[in-house]
Number of protein chains: 2
Amino acid sequence: MAKGTLPSSDSLSAKAPEERRERILRATVDVVRTRGFAGARVSDIAEAAGTSQGLVLYHFHSLAGALDAALTLLEDEFYDDLARDLQEQVGPVERLRHMADLGAGLGPAVGDWRLWLELWVRALHDPDARETRESLDRRWRTALREVIEEGVAAGEFAPSDADAAAIRLASLMDGLAIQLALEDPDMTPERLADLWWDAAALELRMSP
Amino acid sequence: MAKGTLPSSDSLSAKAPEERRERILRATVDVVRTRGFAGARVSDIAEAAGTSQGLVLYHFHSLAGALDAALTLLEDEFYDDLARDLQEQVGPVERLRHMADLGAGLGPAVGDWRLWLELWVRALHDPDARETRESLDRRWRTALREVIEEGVAAGEFAPSDADAAAIRLASLMDGLAIQLALEDPDMTPERLADLWWDAAALELRMSP
DNA sequence: AGGCTATCTGAATGAGCGTTCAGTACATGC
DNA sequence: GCATGTACTGAACGCTCATTCAGATAGCCT
């Protein structure tokens, strides 16, 4: 029934295959988000993308291939989004504040913590995923580190140990986010942002 | 072939069934630890326990039943171990220090962070697991909270907000532990304990 | 027009795995 | 001794699901 709904005559059809591939990739991410890596089926992906199972396997070699590709897409987009998002902020304090909001999912959603949780567990058993998550983590931590250094240079922050502060603040974000992802009754995006912001003020000895 | 290796005559055989059940439960925990919840098979459990698949299903109704039972066992043991462990310490500072070591896996292993990660992801999709993890988290956080209050009463700690400090320190532990569980190259048990201890000193405004 | 290749589909295949089941062994109560 | 129930096993059974495959369709080169 999913047939040539349109005449198919002209230029459009040419770029269709790439579009299709992209759609499948997006669908894969969606499925992982809702069903998890372990629960993702080829049929789920095909249905979400509105294609046949065969096509999923045609473009990516296997289910694992599709999952890997989705992971890569996620990694790239995370990096781009983060970089662009932070670029828009003016000073170190604003950037830091923005990171609190990003982690809380208040700003433009850079990622979805449920997805990160899934990635972590997959990383427990799959070396590829392990590398991806390490890379993602490093990027986030580096971004944080840079903001801190910028703040120190500007005289806004005065951490006793910038390195340790960066690792702790990044880790704190992870830990708080777990509760958010798991819908712990006493955690909300706002509370997360506040808790993290206060910790940052403490760690970095901010003035206000 | 796994036969009556011993005469089987006397008193021993009477308590065998319960022993067997226990063995299967332990085996289940082990399998989850290595293969994860999603990767655990009835055959894995049976093999690890040295029994038939049939017996696993005989004692626990289904694979899910075995996993749930293992989860419950874990929860109970976690609580008992934690309570006993902390009881042995003398003052709030020692207790807090001990919690740092427990989290780092340096003290007597209260739990295994890989298992917690698995639990978190299972909690994303299974309400039972969600409740279990919430309960475990609450216990840990409450224990921390009590140590903090004890320290405040003793004049050792002076947090600006005890509640927030407890949540942050608990969350920080989770976040740091993720890196440990995932064998991030720049995280070791000692480093985790140090990082967390320093954060505690900062949050609680400890003297030394 | 007529092959050639890329894209796509739906059905078939077959492996893996949870669960069921018929049956064995052994202990206990009558 | 015989019946009954509990513990246990190994062999099916049947279902789910990734992967394969034999085409269908349509653009492209000659």
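The figures that follow rest on heavy atoms only: side chains count, while hydrogens, waters and symmetry mates do not.
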**Student:** More than 12 foreign heavy atoms under 6.0 Å from CD of Glu94(A): is that the case here?
**Tutor:**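 Yes - once you tally the heavy atoms of other residues, nucleotides and ligands closer than 6.0 Å, there are more than 12.
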
**Student:** For dC8(C), does OP1 or OP2 lie under 4.0 Å from any side-chain N or O of His59(A)?
**Tutor:**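 So the side-chain polar atoms of His59(A) do come within 4.0 Å of the phosphate oxygens OP1 or OP2 of dC8(C), strictly under.
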
**Student:** Mind calculating the distance between CD1 (Ile45(A)) and C1' (dT19(D)) to the nearest angstrom?
**Tutor:**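 Atom CD1 in Ile45(A) sits about 14 Å away from atom C1' in dT19(D).
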
**Student:** Phe60(A) CZ to dT19(D) P: how many Å, rounded?
**Tutor:**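 The distance from CZ of Phe60(A) to P of dT19(D) comes to 14 Å, rounded to the nearest Å.
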
**Student:** Classify every nucleotide of nucleotides 17-22 of chain C by which part a protein heavy atom approaches to under 4.0 Å, writing B for the base, S for the sugar-phosphate alone and - for neither, in 5'-to-3' order.
**Tutor:** SSB---

**Student:** Once you round it to whole Å, what is the distance between C1' of dT9(D) and CD of Glu47(B)?
**Tutor:**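 From Glu47(B) CD to dT9(D) C1': 16 Å.
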
**Student:** So Leu182(A) and Arg130(B), side-chain contact (heavy atoms from CB on, under 4.5 Å) or not? Walk me through it.
**Tutor:** CA-CA 7 Å; Leu182(A) 264 41; Arg130(B) 177 167 307 198; 5.6 Å; no

**Student:** Write down the distance between CZ (Arg20(A)) and P (dA26(D)), rounded to a whole number of angstrom.
**Tutor:**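 After rounding, the gap between these two atoms is 13 Å.
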
**Student:** Between Tyr58(A) (OH) and dT5(C) (P), how many Å, whole number?
**Tutor:**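 Nearest whole value for this atom pair: 13 Å.
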
**Student:** Please step through side-chain contact (heavy atoms from CB on, under 4.5 Å) for the pair Leu115(B) and Leu119(B), ending with a clear verdict.
**Tutor:** CA-CA 6 Å; Leu115(B) 228 35; Leu119(B) 175 59; over 6 Å; no

**Student:** Using a 6.0 Å cut-off, check whether atom CD of Glu88(B) has over 12 heavy atoms from anything other than its own residue.
**Tutor:**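 Above 12, so yes.
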
**Student:** Once you round it to whole Å, what is the distance between P of dC8(D) and CZ of Arg21(B)?
**Tutor:**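 Roughly 11 Å, once rounded to whole Å.
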
**Student:** Are more than 12 heavy atoms from other residues, nucleotides or ligands located less than 6.0 Å from atom CZ of Arg35(B)?
**Tutor:**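 Open.
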
**Student:** Is it possible for you to check whether Arg97(B) lies under 6.0 Å from the centre of the six-membered ring of Trp197(B), through NZ or CZ, and within 45° of that ring's axis?
**Tutor:**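 Yes.
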
**Student:** Rounded to the Å, how far apart are Glu18(A) CD and dC8(C) P?
**Tutor:**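 Those two atoms, CD and P, are 10 Å apart.
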
